[in-house]
Amino acid sequence: MKRWAFTAAALAVQFALPVQAVSITDIQGPAFISPLNGQSVSNLTGIVTAKGTSGFWIQGPAVRSKSVSNGLNVFTSSKTILASVSVGDSISLSGVVSEFRSSGSPDNLFATELQSPANIVVLSSNQVVTPVLLGTDRSPPTRKLSALDPGNDGWLAVPNNQSRIDTVNATLVPDQFGMDFWASLEGQLVTVPSPVALDFANSFGEFWVHGDWPVTGKNSRGGLTISFALGSDGIPDANPEVIIVGSPLDGTKNPAVSLGKTFSDITGIIAYQFGFYYILPLTAPTVLTTPDPTIPPSTIKPRAQVCTLVIGDYNVENMAPTTAHLPTVANHIANFLNSPDLVFLQEIQDNNGATDDGTVSANVTLATLAASVARAANTTQTYGTLDIAPQNDKDGGEPGGNIRTAHLFNSTKLRLVPGAPAGGALDATKPVLGADGNVTLTFNPGRIDPTNSAWDASRKPLVTLWETTNGARLFTINLHLTAKLGGTTTQGNARPPVNGGVDQRISQVQTIATFVKALLALDPNANIIVGGDCNEYVQTRAVFAPFDGLLTELDVAVDVPLAERYTYLFDQNSQQLDHLFISDAIVARGDLAVEHVHVNNWAPTLAARASDHDPTVARVKIC
Ligand SMILES: *[C@@H]1O[C@H](CO)[C@@H](O)[C@H](O)[C@H]1NC(C)=O
Ligand SMILES: *[C@@H]1O[C@H](CO)[C@@H](O)[C@H](O)[C@H]1NC(C)=O
Ligand SMILES: *[C@@H]1O[C@H](CO)[C@@H](O)[C@H](O)[C@H]1NC(C)=O
Ligand SMILES: *[C@@H]1O[C@H](CO)[C@@H](O)[C@H](O)[C@H]1NC(C)=O
Ligand SMILES: *[C@@H]1O[C@H](CO)[C@@H](O)[C@H](O)[C@H]1NC(C)=O
Ligand SMILES: *[C@@H]1O[C@H](CO)[C@@H](O)[C@H](O)[C@H]1NC(C)=O
Ligand SMILES: *[C@@H]1O[C@H](CO)[C@@H](O)[C@H](O)[C@H]1NC(C)=O
């Protein structure tokens, strides 16, 4: 009998059986695809660790190699077979080794399983399998997901989908790559100690956690933020040290979840399904702690000084005049963003929202929001509003909604520089030298290159030239870049994962950079703020590369801690999709500030959010 070195995860029982032709580890092998895929096996032995509605799991003796799992899913929908085994039974059985892909999608990995189980013999009962205690016996790597995400841009490198895990079928390197780590535990019983929620639950009650083990990118609320890996090579950190908690195998229901909640330890089976490595809990965990529900307002406030401006930025999620969340957003602007002097808005819908009848004007939507903000601020002062209506159904988003970017502005501090006509949906505004020697716009407000194919089915950028009461000027470009639709999961087959819409976002940022360059060529000291919902994190360097040397992100200028740079939660990651970039003239003047106000992503429930994005408040000096 071999002696197993891997004591902490070792089985509590020894097998007293004849030497087996095939073991579970033979089936799992050291790579993603089973060496025995498609083959019939017999006299396979293992201890039943868990049962579900479509099969059960067996586990063999612990093994030395950390890249080979000793657990296996036995797939069956036969109630008779399921009833014939109990957790703790040591069994032998035959079956067919198979690689199964959930949803049949080539973008998901294969999961190794034993199909058509037969000849099940219960050899003994009440055997105990000690789960692998994550954080003690083994801990996931914290930076990279896969060896197939190459170069300095790692999992966010462009082009995407250059290779596929199931085709390459590499030998697992669990110490370095998160997907390899979880694959090496496929089918095994593990314990996640002290889990912390990284997002709200999805519509199936599944939720992401990390456990009590080393993590990177941890923010003050408890989430893990996408950042550049510190101190090493500057590769974007993919947060592989997380796992999604699936539906409990015993039919209990997972508790309500929000960012930063903590739970009792979760013991369950590691399984790949629906594009991710899951832990399928034996039973639902209980909530141990819930973060403080009080969400602090921004500390940044408008000032009396003419030259100092407070800027807000908020994707208000499909807002029409009758939208239920409009008063909540108004309260956020008045009481959490402190009524900024100028607000960048995205997703303002036309006056009848998603009704698709040719209406494109949003003047009622904006007037309703401005009136609601005044009520929430207890003032009779009402914001001025500004937008350019798109062509009907040409800018993407919810069908019929005609979402666009827009501004609320404090007309006691800012007005539009007069002289140029307001642009229409198809008018491309250009920076030009005016008769007075100042740079101005051919349309004010105007849109950047609206007929460029980069902007097909997407919101065109809104450009405005403002002036303060003392004549200082500010150019703003309000963005809502194309969405991340049609991508693949971070733990999917395609490497690097498909980042939906990334090529279009690259083209979009290029057209904006071309405009900003033309403007700076006429006036290197121009005050410019480019901001809004970019549907991208700066760690996707390929998208923002055209801004390099041209504009500086406010978070960088202010040196906001890397982990606190987020405005959005998606799957396992806290991430920053909403950005404000400033020109050198503004950087040079200093007195900058920026805060992301987590009114939505710190909400106690998903239903309590007014938008999927958090707003941002910033302070700049323009003279
Ligand atoms: C995958 O790798 C394993 C282990 O090296 C090997 O036995 C198996 O044949 C490979 N399968 C495929 C389809 O490449
Ligand atoms: C498998 O088990 C059967 C009895 O169930 C036995 O007849 C056969 O010899 C075994 N084969 C091997 C390879 O151990
Ligand atoms: C990735 O590439 C493969 C072909 O190599 C293709 O079948 C698959 O659809 C692609 N995935 C996406 C989401 O584009
Ligand atoms: C919206 O615009 C229409 C057409 O110009 C005008 O009749 C209406 O009064 C405006 N409504 C508001 C609230 O500004
Ligand atoms: C407006 O009044 C409400 C209710 O008294 C108060 O909670 C809120 O702080 C006030 N807001 C401002 C901006 O004064
Ligand atoms: C604009 O700023 C002034 C102070 O400079 C303030 O009194 C007024 O309420 C603000 N207007 C809005 C709409 O917030
Ligand atoms: C605009 O031009 C006038 C002279 O015509 C000058 O006094 C003023 O400073 C200029 N303003 C800016 C913001 O450059």
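Atoms within each ligand, like the ligands themselves, are counted from 1 in listed order. It should be emphasised that the depicted structure is a prediction, and the values quoted were computed from it without experimental measurement.
Using a heavy-atom distance under 4.0 Å as the criterion, the protein contacts of ligand 4 are Asn363, Ala367.
Within the structure, the side chain to side chain donor-acceptor pair (under 3.5 Å) test picks out the following pairs touching residues 391-407 (sequence neighbours left out): Gln349-Glu398, Asp350-Asn402, Asp387-Arg404, Asn392-Asn402, Asp395-Arg447, Asp395-Lys460.
For the side chain to side chain donor-acceptor pair (under 3.5 Å) with Gln346, the lone residue among Asn315, Asp533, Asn478, Asn535 that qualifies is Asn478.
For Trp208 and Phe276, the distance between ring centers is under 6.0 angstrom.
The environment of CZ in Phe443 is crowded: more than 12 heavy-atom neighbours from other residues, nucleotides or ligands sit within 6.0 Å.
Between the side chains of Glu186 and Ser69, no donor N or O sits under 3.5 Å from an acceptor N or O.
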With a 3.5 Å cut-off and sequence neighbours excluded, list the donor-acceptor pairs that the side chains of residues 170-177 form with protein atoms.
none

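Listed by number with element, the atoms of ligand 3 under 4.0 angstrom from any heavy atom of Asn161 are 1 (C), 2 (O), 3 (C), 8 (C), 10 (C), 11 (N), 12 (C), 14 (O). Here is the list of ligand 1 atoms found below 4.0 Å of a heavy atom in Ala31: 2 (O), 3 (C), 4 (C).
Residue-to-ligand polar distances place Asn169 within reach of ligand 1: an N/O pair is separated by less than 3.5 Å. Considering backbone and side-chain N/O of Thr488, none are found under 3.5 Å from N/O of ligand 3.
A donor-acceptor pair under 3.5 Å links the side-chain atoms of Asn493 to the main chain of Pro106, judged by distance alone.
Under the rule for a side chain to side chain donor-acceptor pair (under 3.5 Å), Thr355 has no partner lying at least two apart in sequence or in another chain.
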